[in-house]
Amino acid sequence: MYGKAFAPEYQGSLTTTLSVNSSLVDVLAAGTEQLRAAERSGCPRETARVGLAVAEAHRRLGHVTDADREWKASYRAARTAGDAGAMAWALWSGGTLARQRGALALAWRLLGFAAELGERGGDILARGYSLAGLAETGRIQGDYEGVSALHEQLLAEARERGEARHTVWALEGIAQMHRNTGSYDTAYAMFEESAAIAAQADDRRGHAWALRGLADIVSVRDGDADRALELLAEAEVMCRTMNLMSALAYNHKMRGNVLYRAGRFAEARDIYQEALSEFRTMSEPRGEALARLGLVKSLARLGRDRDATAADLAELAGVLDRIGLRHARRMVDRARVEFGITEHEETATASPEHQAATA
């Protein structure tokens with residue numbers, strides 16, 4: 001049995017005033033007010049704790065520069081206070097931001113330090129969230145063999161504590177790996193369980209991500225575009241209510257995927273363009289690359305010049321190689337096969353600047 005979901009990143013005086021479902025705009029307003037009060041009172045521990053919420057609100061809203069400034073300020077205040085747990089949470093926020101920005105090596109480093117500090121400071125949740133961050137970083141890179149056991153370990157720990165939000169996260173991560181390796185039935189069952197737990201615990205963010213996963217399976221396995229779009233529409237309402245801008249952009253990208261699979265290429269093109277704009281506004285290179293890939297494929301299906309398609313795929317391959325996203329990189333290779341484009345064609349049609357950059 002799981003209790004109501006809670007948000008451990010809302011700390012200090014914000015613990016009792018904010019919930020896991022608070023709008024990020026409200027989180028930012030309340031957090032900034034309490035942060036200024038803590039700074040005026042000269043309490044570094046409270047400054048660190050409430051500053052974390054400000055950093056996370058900025059990150060999730062796509063305010064990359066502000067988020068970077070605030071997690072570092074939270075860490076400095078925590079270090080001044082000698083609070084290892086607060087230092088761990090600040091590093092977790094910084095590591096999560098680094099992953100969002102595509103700086104995966106930095107993400108590994110910061111999240112590793114955060115896990116160590118969380119354990120040293122006896123903060124079980126900080127340790128767990130930091131390990132989860134490491135697991136998620138490896139998963140989006142496509143290193144399923146390297147992080148599957150860690151996902152399973154964190155799922156077992158979350159189930160044992162009855163912690164709904166972390167159970168939902170772990171189930172969705174494992175489900176995504178099953179989906180990406182073709183085990184659609186297993187993936188569907190795990191997304192379904194995570195959706196049920198999230199609904200029971202009133203975790204709207206987790207519920208929205210679970211619905212997105214279910215929509216993907218319904219589309220790719222069952223070919224039921226209408227049902228998939230219904231699930232995505234339900235999730236979008238939750239994203240908009242809470243101002244979950246990153247989740248909304250990924251929802252739109254998935255909508256593009258569903259439309260593309262259904263052969264509705266003009267609609268897919270338009271929604272991929274919308275998602276691409278959203279990801280660029282947030283400076284989220286992984287999402288941007290995935291939306292660009294969908295857009296390139298949609299334009300190709302709508303009759304775009306073959307050489308232009310080949311050049312774009314070559315550029316995307318280089319971007320994904322630099323970020324280190326192996327699974328997404330394999331998606332580019334599948335697109336080459338889909339359109340019968342050889343690597344030789346890509347090299348021949350790429351711009352001189354691109355050829356020099358990838359030589």
Side-chain angles (χ1 to χ4, degrees), residues 1-12 14-22 24 27 49-50 52-53 55-57 59-60 83-93 95-96 99 111-112 114-140 147-178 187 189-214 235 238 242 244 246-247:
M1 187 67 180
Y2 296 95
K4 186 177 175 64
F6 65 99
E9 66 269 34
Y10 301 154
Q11 301 175 8
L14 299 172
T15 302
T16 57
T17 59
L18 296 175
S19 79
V20 69
N21 295 323
S22 294
L24 292 176
V27 172
R49 295 285 178 172
V50 298
L52 174 68
E56 279 300 285
R59 180 183 68 79
R60 291 165 177 167
D83 187 337
M87 290 167 67
W89 278 110
L91 288 171
W92 164 78
S93 180
T96 305
R99 183 179 64 240
L111 290 166
E116 292 175 13
L117 276 170
E119 185 162 4
R120 190 188 313 165
D123 192 320
I124 295 173
L125 285 177
R127 169 192 166 275
Y129 271 61
S130 300
L131 290 175
L134 290 170
E136 187 163 342
T137 302
R139 177 171 56 79
I140 69 168
V147 298
S148 291
L150 183 53
H151 273 82
E152 295 286 357
Q153 171 195 327
L154 293 169
L155 174 60
E157 291 179 3
R159 287 194 192 278
E160 185 177 358
R161 293 195 301 266
E163 189 188 344
R165 189 182 182 206
H166 223 56
T167 300
V168 167
W169 166 84
L171 280 169
E172 291 173 358
I174 297 168
Q176 191 63 51
M177 289 187 282
H178 281 298
M190 298 188 82
F191 278 128
E192 193 171 42
E193 182 184 359
S194 66
I197 294 172
Q200 173 192 319
D202 195 23
D203 173 10
R204 295 175 197 165
R205 179 185 291 110
H207 197 181
W209 281 106
L211 291 177
R212 176 183 174 275
L214 287 171
M238 300 178 194
M242 295 176 61
L244 300 174
S246 179

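- A distance of 3.5 Å separates CD1 of Ile174 from CD of Glu152, quoted to the nearest 0.5 Å.
- Looking at heavy atoms from C-beta onward, Trp209 lies out of side-chain contact with Gln176 at the 4.5 angstrom threshold.
- Gly3 and Ala164 make their closest contact through O-CB, 3.8 Å (heavy atoms, listed as atom of the first residue, atom of the second, distance).
- Using a distance-only test at 3.5 Å, with no hydrogens or angles considered, a donor-acceptor pair links the side chain of Gln200 to the main chain of Tyr2.
- Under the side-chain hydrogen bond (donor to acceptor under 3.5 Å, both in side chains) criterion, Ser148 pairs with no residue, sequence neighbours left out.
- Salt-bridge check for Glu193 with Arg159: passed, with a basic side-chain N closer than 4.0 Å to an acidic carboxylate O.
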### Task
Start with the C-alpha distance between Trp89 and Leu125, add both sets of side-chain angles, then the distance that settles side chain to side chain contact (heavy atoms under 4.5 Å, CB included), and finish with yes or no.
CA-CA 9 Å; Trp89 278 110; Leu125 285 177; 3.9 Å; yes
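- Rounded to the nearest 0.5 angstrom, Gln11 CD and Asp123 CG are separated by 7.0 Å.
- In terms of heavy atoms, Ala53 sits closest to Val27 at O-CG1, 3.9 Å.
- Looking only at side-chain heavy atoms (C-beta outward), Tyr129 and His166 come within less than 4.5 Å of each other.
- A heavy-atom distance below 4.5 Å is not found between the side chains of Arg59 and Ser246.
- In terms of heavy atoms, Gly112 sits closest to Leu134 at N-CD2, 3.9 Å.
- For the side-chain contact (heavy atoms from CB on, under 4.5 Å) with Met238, the qualifying choice from Asp203, Leu211, Asn21, Leu244 is Leu211, the only one to do so.
- Of all heavy-atom pairs spanning Ala135 and Leu154, the tightest one is CB-CD1, 4.4 Å.
- To the nearest 0.5 angstrom, Leu131 atom CG is 10.0 Å from Glu116 atom CD.
- For the side-chain hydrogen bond (donor to acceptor under 3.5 Å, both in side chains) test, residues two or more places apart in sequence or in another chain that qualify with Gln153 are Glu157.
- When the salt bridge (charged side-chain N to carboxylate O under 4.0 Å, His left out) test is applied to Arg204, the partners found at least two apart in sequence or on another chain are Asp202.
- When all heavy atoms of Leu24 and Ala57 are compared, the closest pair comes out as O-CB, 4.0 Å.
- At a threshold of 4.0 Å, the pair Arg60-Glu9 counts as salt-bridged, since one of the basic side-chain nitrogens sits closer than that to a carboxylate oxygen.
- A donor-acceptor distance shorter than 3.5 angstrom exists from the side chain of Ser22 to the backbone of Ser19, with no hydrogens or angles considered.
- Between Leu111 and Trp92 the shortest side-chain heavy-atom distance falls below 4.5 Å.
- Between Thr167 and Leu155, the closest side-chain pair of non-hydrogen atoms falls below 4.5 Å.
- With sequence neighbours excluded, the residues that form a salt bridge (charged side-chain N to carboxylate O under 4.0 Å, His left out) with Glu163 are Arg161.
- Across every non-hydrogen atom of Ala88 and Gly118, the tightest pair is CB-N, 3.5 Å.
- Arg120 pairs by the salt bridge (charged side-chain N to carboxylate O under 4.0 Å, His left out) definition with nothing, not counting sequence neighbours.
- Between His151 and Trp169, the angle of the ring planes stays under 30°, which puts this pair in the parallel group of the 30/60° scheme.
- Scored by the side-chain hydrogen bond (donor to acceptor under 3.5 Å, both in side chains) test, Arg99 finds Thr137 as partners (sequence neighbours excluded).
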